[in-house]
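Worksheet: the structure to be examined is printed underneath.
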Amino acid sequence: MMKRTSIKAVLANQETDYTTTVKGWVRTFRNNQFIALNDGSTVKPLQIVVDLNTFPEDLLKKITPGAAIGATGKIVPSAGRGQRVELVATEVVVYGEADPSTYPLQPKRHSLEFLRSISHLRIKTNTFGCIFRLRHNLAFAIHKYFHDNGFFYMHTPIITGSDAEGAGEMFRVSTLDPKTPPCTENGEVDWSKDFFGKQTNLTVSGQLEAELGAMGLDKVYTFGPTFRAENSNTSRHLAEFWMIEPEIAFADIHDDMDLAEGLLKYVIQYVLDHNIEDLEFLQNRLIQEEKSLPQNQRSEMALIEKLEFILAEPFERITYTEAFDILRNSKPNKKKRFKFPINEWGADLQSEHERYLVEKHFKKPVIITDYPAQIKAFYMYLNEDGKTVRGMDILFPQLGEIVGGSERETRMEVLHQRMAEFGIPPEELSWYLDIRKYGSCPHAGFGLGFERLVQFITGMSNIRDVIPLPRYPGYAEF
RNA sequence: GCCUCCUUAGCUCAGUUGGUUAGAGCGCCGGACUGUUAAUCCGUAGGUCCAAGGUUCAAGUCCUUGAGGGGGCGCCA
């Protein structure tokens, strides 16, 4: 058989009247004559024309939605209207049939909830093809941005012996027999007999390890899976998700914000340049979906317009105290529309407050800095006022927090005091404290939730639809 | 973990104040047609109304409990 060409390449080629082979999966077979073939390389299908008189009937019967086929023939200008070129088949091979009486994907709109129940098959649909092509290109763009800016990709451990990362509940990793674990004299499980000779967990963050990297390589980033055993049941949380955590030496919180804003804008521009067809498909999908909603609940901007809007202006940068004042004097607060009224400085901002700032007040991404120390992690640099820390959160419309970062605390005595306040014994993190002891310098970093980024860019409302096989409380199928 | 809504055919959904034999579109199956764009047209089949219990002469419809799902909240990325 001839060398295979991707459908993306065939559609991009301006030439016609050449013979080639394509292979992919049948989307529809109309009129016993026109196959819409998709091979995953692009959302656009290639139309394969078969002459029903030259192909045997039992072969044509096997060409059903979902079947894997190959077709060889001449690429010609299409005689129909819906496409520029089409392939007139001289040879068709059926690699894998898809029994139409049981194949669950019909050529019609399915609900995302139904597709989630068949996650092993949903990747075959247009919508999920677009999402996962975008997901790939976003991951690639992130690596490219860091690489081009002198960062080194650092692989931090997935199994960690530290239980003081302070970012959430952890999954235990153990090879002990759960029925008869070895016990100590006082009847507790003897973890020293476990595989690693101690209790171990799946990582909740690579940040502390990335800080080590930055103290030698200057600029590093992690990009790996992260696990949190929180019982979080929302459209923005997964038990297994991917996180990007850069760490930069000789940098303060302003450098950190510049880096985060630069990265986000770069990757958005990247997919606008490389995935416009996928974005157009998803944009159209959203428009169709919103047609059933009342006017006031529809998006103000279409998907691509929204992405371009993010690029257009600098993100708004305000302190927690400024945000607090805006919220306290806001209409919804005065009219008691907030479920959690704003009246006391120091309380954490709720989702409704973040959404007000981003969607109503500033109408663009907002970076909030200098949070009250008691609501943020121990490793954030304590300001001179003794009350606030140099943490920063980037808030996006619809999603809320997409980035959380900070300038790190470098003063040994302050760090010890903060760890004591959080109840973290210094011996747990002696290696972390060592980097303050030997050649310490100002440094900063942040964590970017990859799926939240994919969610924002694809416009998908549930995070479970932007990772191929999601894991969340009560669910680890496939 | 909390609040709230939902669960009827393979899928998406109707189903009136509780009242004969539970419907539609799409899909499937059979047929017709053959330059179609989720093709079109004709016809057939397809149901433990999520589960268990209760109220009632009578329950898809009302009540209780449970399971699964959606949305919101909290924790966060």
Side-chain angles (χ1 to χ4, degrees), chain A residues 27-36 44-53 60-61 64-66 76 78-83 86 88 98-118 125-126 165-169 204-207 222 225-245 260 288 292 297 338-340 348-355 375-377 393-396 399-405 446-456 461-467 472-475 477:
Chain A
R27 283 292 155 77
T28 60
F29 186 22
R30 290 182 292 269
N31 239 349
N32 253 353
Q33 201 178 176
F34 305 104
I35 303 165
K44 299 262 196 277
L46 177 66
Q47 175 154 287
I48 311 294
V49 185
V50 293
D51 180 354
L52 73 164
N53 297 314
L60 295 179
K61 277 227 169 237
T64 60
V76 300
S78 178
R81 282 166 191 249
Q83 53 283 316
E86 61 195 15
V88 179
D99 180 357
S101 65
T102 57
Y103 185 60
L105 295 173
Q106 302 163 9
K108 61 170 269 187
R109 178 170 292 267
H110 291 95
S111 69
L112 294 171
E113 291 78 23
F114 170 67
L115 292 172
R116 202 175 300 146
S117 74
I118 50 165
T125 65
N126 284 333
E165 289 170 7
E169 289 296 312
V204 292
S205 163
Q207 180 202 309
T222 74
T226 310
F227 309 88
R228 298 203 182 158
E230 303 283 352
N231 192 8
S232 299
N233 296 290
T234 82
S235 58
R236 305 181 305 281
H237 291 84
L238 291 166
E240 177 180 294
F241 64 100
W242 290 66
M243 189 154 63
I244 297 102
E245 295 176 292
Q288 294 300 323
S292 61
Q297 285 175 36
F338 285 142
K339 200 176 160 198
F340 299 91
D348 210 350
L349 301 180
Q350 306 295 318
S351 288
E352 58 180 349
H353 307 137
E354 295 179 351
R355 293 192 69 150
I375 60 170
K376 287 291 178 187
D393 285 357
I394 302 185
L395 310 179
F396 263 33
L399 289 178
E401 188 177 346
I402 193 168
V403 163
F446 61 83
L448 165 64
F450 186 53
E451 281 77 13
R452 289 194 182 168
L453 177 65
V454 181
Q455 229 188 320
F456 180 75
S461 56
N462 195 314
I463 200 166
R464 295 166 187 177
D465 295 329
V466 298
I467 187 166
Y472 49 91
Y475 189 89
E477 299 305 309

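In what follows, chains are A, B, ... by sequence order, proteins preceding strands, each numbered from 1.
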Could you please name the option among [options] that lies closest to any side-chain atom of [X]?
X	options	result
A:Gln106	B:rC75, B:rC11, B:rU36	B:rC11
A:Ser78	B:rG71, B:rG35, B:rC26	B:rG35
A:His237	B:rA77, B:rU12, B:rC28	B:rA77
A:Arg30	B:rG35, B:rC75, B:rA39	B:rA39
A:Leu238	B:rC73, B:rG35, B:rA77	B:rA77

Over all atoms of both residues, closest heavy-atom pair of [X] and [Y]:
X	Y	answer
A:Glu451	A:Val466	O-CG2, 3.5 Å
A:Pro104	A:Ile118	CB-CD1, 4.2 Å
A:Ile394	A:Ala260	CD1-CB, 3.6 Å

Output the rounded distance in Å from [atom1] ([X]) to [atom2] ([N]).
X	N	atom1	atom2	result
A:Asn462	B:rG71	CG	C1'	10 Å
A:Glu169	B:rG1	CD	P	13 Å
A:Ile375	B:rC75	CD1	P	10 Å
A:Ile467	B:rA77	CD1	P	17 Å
A:Lys108	B:rC28	NZ	P	11 Å
A:Lys44	B:rU37	NZ	P	18 Å
A:Asn231	B:rG1	CG	P	5 Å

Mind checking if [X] touches a base, just sugar-phosphate, or nothing, with heavy atoms under 4.0 Å?
X	answer
A:Glu352	nothing
A:Ser235	sugar-phosphate
A:Phe114	sugar-phosphate
A:Glu86	base

Short side-chain to backbone donor-acceptor contact, [X] and [Y], under 3.5 Å:
X	Y	result
A:Glu230	A:Glu169	yes
A:Gln83	A:Pro45	no
A:Gln207	A:Phe446	no

Exercise for the section: Measure distances between side-chain N and O atoms of A:Glu113 and base N and O atoms of B:rU7, and say whether any donor-acceptor pair falls under 3.5 Å. Expected result: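 Check fails, no donor-acceptor contact within cut-off.
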What does [N] pair with, Watson-Crick or G-U, if both distances are under 3.5 Å?
N	value
B:rC57	B:rG19
B:rU48	none
B:rG68	B:rC6
B:rG1	B:rC73

Using a cut-off of strictly less than 4.0 Å, decide whether [X] has a side-chain nitrogen or oxygen near OP1 or OP2 of [N].
X	N	value
A:Thr28	B:rA39	yes
A:Arg464	B:rG70	yes
A:Arg236	B:rG72	no
A:Ser101	B:rC29	no

